[in-house]
Amino acid sequence: KIQVKTSNPGPTATPEYIHNIFKEGYTSKNNQLREHGIGLAKLRKIVNDNNGEIIISNEVINDIQFICFELII
């Protein structure tokens, strides 16, 4: 198995927020005309097709809230 974790300052990972970020075409970026990577909808498909898992959580470091994405494939 491969495990990758990335964290960035971000919002609270509520169930509603998590549901929305995996919708096709969703972006939290201000400039929606620019490319923003492969997109979480595509990432979820790749992970699911390989029997993997995506874990989304929050952690606070030095009083700054981070949103964390952990992939296990």
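- Phe22 and Ile56 get closest at one heavy-atom pair: CE1-CD1, 3.4 Å.
- The backbone N or O of Gly10 lies less than 3.5 Å from a partner atom in the side chain of Gln65, making a donor-acceptor pair.
- Between the CD atom of Glu24 and the NZ atom of Lys45 there is a distance of 11.0 Å, given to the nearest 0.5 Å.
- Ile55 and Leu71 end up in different hydrophobic clusters when Ile, Leu, Val, Met, Phe, Trp and Tyr side chains are linked at under 4.5 Å.
- Smallest separation of non-hydrogen atoms from Arg44 and Ile54: CA-CD1, 3.8 Å.
- Between atom CD1 of residue Ile73 and atom CD of residue Gln3 there is a gap of 11.0 Å, rounded to the nearest 0.5 Å.
- The side-chain heavy atoms of Lys5 and Cys68, taken from C-beta on, include a pair separated by under 4.5 Å.
- Heavy atoms only, all atoms of each residue included: Ala13 and Asn58 are closest at N-OD1, 2.6 Å.
- Taking both residues in full, the closest heavy atoms of Ile21 and Phe69 are given as CD1-CE2, 3.8 Å, listed atom of the first, atom of the second, then distance.
- Tyr17 is listed as a side-chain neighbour of Ile67, based on a closest heavy-atom distance under 4.5 Å.
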Step by step, work out the side chain to side chain contact (heavy atoms under 4.5 Å, CB included) result for Ile61 and Phe66. CA-CA 7 Å; Ile61 302 170; Phe66 286 77; 3.9 Å; yes
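- With no hydrogens or angles considered, a side-chain donor-acceptor pair links Lys23 and Asn20 at under 3.5 Å.
- Once rounded to the nearest 0.5 Å, the distance linking NZ of Lys1 with CG of Asn50 reads 10.5 Å.
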